[in-house]
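A quick write-up on the structure given underneath.
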Protein chains: 2
Amino acid sequence: MTSLAEENYLKAIYKLHEKNGSMVTTSALAETLGINAASVTDFIKKIAAKKLISYQKSKGVTLTDKGRLMAINIIRKHRLWEVWLVNNLGFKWDEVHDIAEQLEHVVSDELIENLDKHLGYPKADPHGDLIPDAKGRFAKNTSKPLTECNPGDKVKFTGVADHSIAFLQYLTKSNIKLGDEINIEAVETYDNSFQVKINKKETKLLSKEVVKNLLVVQA
Amino acid sequence: MTSLAEENYLKAIYKLHEKNGSMVTTSALAETLGINAASVTDFIKKIAAKKLISYQKSKGVTLTDKGRLMAINIIRKHRLWEVWLVNNLGFKWDEVHDIAEQLEHVVSDELIENLDKHLGYPKADPHGDLIPDAKGRFAKNTSKPLTECNPGDKVKFTGVADHSIAFLQYLTKSNIKLGDEINIEAVETYDNSFQVKINKKETKLLSKEVVKNLLVVQA
DNA sequence: ATACATAATTAGGCTCACCTAATTTTATTT
DNA sequence: AAATAAAATTAGGTGAGCCTAATTATGTAT
């Protein structure tokens, strides 16, 4: 059997690996899970014994194929639920994380496949994060931070690098939505802010902090 | 905070009270929850201390107003999820119980209100059980077992008294569905079986066991 | 290479929700 | 009313998943 704690550890290891690459440390896990490092050491020994992670003492952990598949499956469920919450239940994109965090642990393969079908097999969640298929395969991600673009580029806003409620609400308030077309008019070299035109209408000035958290694809 | 175990105890106490009236015994709770009677004694002391039940040592327990409201709220969530699973996700009425049993514990008042709205404020779940409103109020239940009806009566099938998968599948196989019109043609006094006509078409013979588990209202 | 700071682990302990076995209470039968 | 059966409780114990404090390992600066 796979417990709630186990699922949360696997998901956290997966996400930390995505973000930082290589090995995931005990302290990084303790930090993201909000628990004590000593507790993490205890727990990773258990899931290492179950072959869900490989554990190098005092160095860190990586997911095994089995563990990675389980982690991806939880992420798949989380993102499908987020789609449902936004598209069908009328939630905003900044309101769904905590609810999806609970729903992702509901156990029923049939439920998830029916949900996926019901939603029309969505490719991405409300924040633009890709949704893996039932076998754990992701579509190729072609997006990059807006910071890597140059004046004159025409791009499409496809995702966020910062999932905080604060950032999501900032974008909502600024009337910037997933799918919007962004034309880069100028880049200020002094502070790296971007002057952009949204959907060929509004011109906006975006700070460096904002620009680095906007993921886009070439239009 | 209210734990999974606590919610399951409250729900079990509520349902046992509905079924048997008066006080709910330790052994009845142990039986329905599938745990040891000693464990039940332990736990009911804890929730009695939280004023969710009133506990008379060696006699049994009853829900307080607070505990009853919590129990009804869990039932409300369970039934709303069942409606969603059947109406929106394409599940059969005999497939939804275990999934709803998990979903009912997801905590978010806003989620449940949005779900209720999304479903069009349904009055009953796929088995005909009434869905209480957000304040815990049930509509008046006018149904009774088909056994209480007589030859010549025209009734509508509105619910089941037995929620077992076996009974639900028997009805599906027999092509008897919620909302069907039932005309009672004859009652066999020897074995209390009913000869009925379903939706003015098929004539069927229903055993005493089946008849007592069909809930109907006068048409 | 040594000292020091930081990270990880070990040891021992806690709470929750369960368990078994033994005992006590309640209800039923004679 | 006493004997017996059934139900409930008490006592003591377990594993999961967390904790703190103490110890050990690792990496960095001198």
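The figures that follow rest on heavy atoms only: side chains count, while hydrogens, waters and symmetry mates do not. Given the structure is predicted, the values throughout are model-derived calculations rather than measurements.
The salt bridge (charged side-chain N to carboxylate O under 4.0 Å, His left out) pairs that include a residue from residues 97-107 of chain A are A:Lys11-A:Glu101, A:Lys11-A:Glu104, where partners are two or more places apart or lie in different chains. The salt bridge (charged side-chain N to carboxylate O under 4.0 Å, His left out) analysis of residues 124-139 of chain B, with sequence neighbours excluded, yields the pairs B:Arg79-B:Asp125, B:Asp133-B:Arg137. Sorted by first and then second residue, the salt bridge (charged side-chain N to carboxylate O under 4.0 Å, His left out) pairs with a member in residues 55-76 of chain A read A:Asp65-A:Arg68, A:Arg76-A:Glu113, A:Arg76-A:Asp116; sequence neighbours excluded.
Residues satisfying the side chain to side chain donor-acceptor pair (under 3.5 Å) criterion with B:Thr158, sequence neighbours excluded, are absent altogether. Remark: B:Lys50 pairs with B:Glu6 by the salt bridge (Lys or Arg N to Asp or Glu O under 4.0 Å) rule, at least two apart or across chains. When the side chain to side chain donor-acceptor pair (under 3.5 Å) test is applied to B:Asn150, no partner is found at least two apart in sequence or on another chain. Every residue two or more places apart in sequence or in another chain that forms a side chain to side chain contact (heavy atoms under 4.5 Å, CB included) with B:Asn36 is listed here: B:Ala38, B:Ser39. Shown here are the side chain to side chain donor-acceptor pair (under 3.5 Å) partners of A:Ser54, two or more places apart in sequence or in another chain: A:Thr62. With sequence neighbours excluded, no residue satisfies side chain to side chain donor-acceptor pair (under 3.5 Å) with A:Asp109.
Taking a 4.0 Å limit (strictly below) on heavy-atom distances, residues 43-60 of chain A reaches DNA chain C at A:Lys45, A:Tyr55, A:Lys57, A:Ser58. For DNA chain D, the residues of residues 20-38 of chain B within the heavy-atom distance limit of 4.0 Å (strictly under) are B:Thr25, B:Thr26, B:Ser27, B:Ala37, B:Ala38, sorted by number.
In 5' to 3' order, the nucleotides of DNA chain D bounding all contacts with chain B (an atom under 4.0 Å from a heavy atom) are D:dA7 to D:dT10.
With rounding to whole Å, B:Asp42 atom CG is found 10 Å from C:dC19 atom C1'.
Here the two rings, on B:His97 and B:His127, have centers that are 6.0 Å apart or farther.
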